[in-house]
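Numbering of residues begins at 1 and proceeds along the displayed sequence.
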Amino acid sequence: TSELILPNLRKLFIPDEGMFMLDFDLPQADARFVAWEAEDEALKEIFADPSRDMHSENAEIIFGRKPKSKDDIIRQQAKQGVHLTNYGGTPRVLAMTLGITVHEAERFQKRWFGAHPKIAQWHRRVFMEISSRRWVENIFGYRRFYFDRIDGLLKEALAWIPQSSVAVMTNLAILKIVENPDYVSKENVEFLLQVHDSSLFQVPAAKVRELVPRMLKDMTITAPYPDPLIMTPGVKGSDKSWGHCDKLEWLEEK
């Protein structure tokens with residue numbers, strides 16, 4: 001059977017004449033919030049060093065060898081499996097997701113929690129919160145209340161805390177642009193769309209190189225943890241369509 005190739009629907013979204021699309025996104029946003037929620041200093045150190053690759057280091061912890069490349073299957077499994085485990089996935093679900101045995105999935109999670117016990121402690125803390133007060137709160141003060149039976153709620157709560165924080169962070173960055181008359185009225189910057197950890201704008205093509213560094217600086221947001229989490233978005237762009245957005249080589253060279 002031939003492999004099904006899905007169309008890139010983002011290519012349907014094209015900039016207006018003379019405009020350039022910019023797609024800003026928060027890098028590894030969910031994983032960063034998990035690290036800060038769990039107060040996991042080892043993970044924080046990885047995020048603080050751009051030369052380190054979190055997924056490769058995780059793969060080495062879990063599988064006992066370094067991935068040969070970013071496409072190495074063990075790196076992909078580590079990336080997917082750690083994310084699932086951080087959000088309370090069971091060994092059975094992990095086994096089905098990665099196509100491994102339940103025994104292998106149990107070993108995967110044992111090694112992960114052994115290397116990062118703060119993550120397991122965070123799980124227990126969140127479970128106690130929903131058991132005792134029936135709500136959890138993210139770092140921005142928003143709360144999620146639960147009225148169902150406690151069984152099965154942990155995964156929802158573990159996912160909601162970082163994911164809601166990412167959404168707030170993204171929206172705060174958008175507001176820094178759309179509430180600034182210098183961008184909206186003077187520079188003709190237009191906000192188009194928000195998708196969880198990313199935001200889409202179109203700007204005058206003639207002003208792209210001038211605007212992008214300013215926007216990146218203004219869209220840098222701090223989450224108010226005792227050890228502040230400061231996040232600057234990455235950016236891709238295209239004059240063709242949202243689906244064509246790619247790295248801005250001239251920005252990478254700076």
Side-chain angles (χ1 to χ4, degrees), residues 6 25-47 52-131 136-139 144 146 148-170 195-198 223 229 231:
L6 298 176
D25 74 290
L26 297 175
Q28 298 177 315
D30 284 56
R32 290 176 190 264
F33 273 100
V34 168
W36 262 257
E37 284 290 329
E39 300 178 351
D40 190 312
E41 298 303 325
L43 288 176
K44 289 183 184 181
E45 288 177 6
I46 295 176
F47 289 123
R52 297 174 67 179
D53 178 38
M54 179 182 68
H55 304 308
S56 293
E57 292 193 28
N58 290 346
E60 189 171 7
I61 289 170
I62 294 163
F63 299 108
R65 70 172 178 86
K66 272 190 174 183
K68 296 178 181 178
S69 69
K70 287 193 173 183
D71 296 324
D72 194 317
I73 188 170
I74 66 166
R75 183 182 182 277
Q76 300 303 318
Q77 286 186 326
K79 179 179 179 179
Q80 193 172 10
V82 166
H83 179 76
L84 186 151
T85 299
N86 285 346
Y87 283 176
T90 64
R92 183 172 177 273
V93 173
L94 179 62
M96 290 189 295
T97 302
L98 299 186
I100 58 180
T101 66
V102 173
H103 175 71
E104 289 171 330
E106 289 173 343
R107 184 173 58 190
F108 180 114
Q109 294 190 334
K110 182 178 180 181
R111 289 181 175 177
W112 175 244
F113 289 132
H116 295 280
K118 288 281 190 176
I119 302 293
Q121 292 173 21
W122 174 56
H123 286 188
R124 291 192 290 271
R125 185 168 71 249
V126 172
F127 181 75
M128 289 301 297
E129 289 173 356
I130 58 176
S131 299
V136 291
E137 184 176 41
N138 69 20
I139 192 60
R144 170 76 184 270
Y146 297 94
D148 296 333
R149 294 169 60 90
I150 294 297
D151 298 341
L153 287 182
L154 179 61
K155 287 189 289 186
E156 282 189 41
L158 290 173
W160 181 84
I161 295 170
Q163 288 178 354
S164 66
S165 301
V166 170
V168 172
M169 201 86 148
T170 303
V195 184
H196 184 51
D197 64 349
S198 67
L229 171 56
M231 295 192 69

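Under the 3.5 Å distance criterion, the side-chain polar atoms of Ser198 are matched with a main-chain donor or acceptor of Val195. Side chain of Arg32 to backbone of Pro27: a donor-acceptor contact under 3.5 angstrom is found. Between the Gln109 side chain and the Gly81 main chain, no donor and acceptor come within less than 3.5 Å of each other.
Pairing each heavy atom of Ala29 with each of Val166, the nearest pair is CB-CG2, 3.7 Å. The minimum heavy-atom distance linking Val136 with Ala157 is given by the pair CG1-CB, 4.1 Å. Closest of all the heavy-atom pairs between Pro91 and Glu106 is CB-CG, 3.6 Å. In terms of heavy atoms, Ile62 sits closest to Val82 at CD1-CG2, 3.7 Å. Minimum interatomic distance between Ser56 and Pro67 (heavy atoms only, all atoms of both residues): O-CD, 3.6 Å. When all heavy atoms of Asp40 and His116 are compared, the closest pair comes out as OD2-ND1, 2.9 Å.
A side-chain donor-acceptor contact under 3.5 Å links Trp112 and Asn86. Between the side chains of Thr170 and Asp197, not a single donor N or O lies within less than 3.5 Å of an accepting N or O.
No side-chain heavy atom of Ile161 sits under 4.5 Å from any side-chain heavy atom of Val34. Side-chain contact between Glu41 and Lys118 is absent, with no heavy-atom pair separated by less than 4.5 Å. Within the 4.5 Å cutoff, the side chain of Ile61 has no heavy atoms near those of the Glu57 side chain. Contact check for Leu94 versus Gln80: no side-chain heavy atoms found under the 4.5 Å cut-off. Side-chain contact between Phe33 and Asn138 is absent, with no heavy-atom pair separated by less than 4.5 Å. Within the 4.5 Å cutoff, the side chain of Tyr146 has heavy atoms near those of the Trp160 side chain. Side-chain contact between Glu39 and Trp122 is absent, with no heavy atoms from C-beta onward closer than 4.5 Å. Using a 4.5 Å heavy-atom threshold, the side chains of Leu43 and Ile119 count as touching.
Classified by interplanar angle (parallel below 30°, tilted 30° to 60°, perpendicular above 60°), the ring pair Trp36/Phe47 is tilted.
A salt bridge between Arg144 and Glu156 is present, with a side-chain N of the basic residue lying under 4.0 Å from a carboxylate O of the acidic one. Remark: Arg65 does not engage Glu60 in a salt bridge, criterion side-chain N to carboxylate O under 4.0 Å. A salt bridge is absent between Asp72 and Lys66; no separation between the charged side-chain nitrogens and carboxylate oxygens falls under 4.0 Å.
Here the CZ atom belonging to Arg111 is positioned 9.0 Å from the CZ atom belonging to Phe63, to the nearest 0.5 angstrom. In this structure, CG on Leu84 lies 12.5 Å from CD on Gln77, to the nearest 0.5 angstrom. Here CG of Leu98 is found 11.0 Å from CD of Gln76. Values are rounded to the nearest 0.5 Å. In this structure, OG on Ser164 lies 12.0 Å from CE on Met169, to the nearest 0.5 angstrom. Distance check, rounded to the nearest 0.5 Å: NE2 of His83 to OG1 of Thr97 gives 10.5 Å. In this structure, the separation between CZ on Arg124 and OG on Ser131 is 13.5 Å, given to the nearest 0.5 Å.
Heavy-atom neighbours of Phe127 CZ from other residues, nucleotides or ligands within 6.0 Å: at or below the threshold of 12. For Ile73, the CD1 atom is loosely surrounded, since the number of other residues' heavy atoms within 6.0 Å does not exceed 12. In Arg125, the CZ atom is crowded: over 12 heavy atoms of neighbouring residues, nucleotides or ligands sit closer than 6.0 Å. Around atom NZ of Lys79, no more than 12 heavy atoms belonging to other residues, nucleotides or ligands sit under 6.0 Å away.
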| task | Applying side chain to side chain donor-acceptor pair (under 3.5 Å), run through His196 and Asp30 and close with a yes or a no. | result | CA-CA 10 Å; His196 184 51; Asp30 284 56; 3.2 Å; yes

| task | I would like to know whether Arg75 and Asp53 meet salt bridge (Lys or Arg N to Asp or Glu O under 4.0 Å); could you show each step before the answer? | result | CA-CA 10 Å; Arg75 183 182 182 277; Asp53 178 38; 2.9 Å; yes

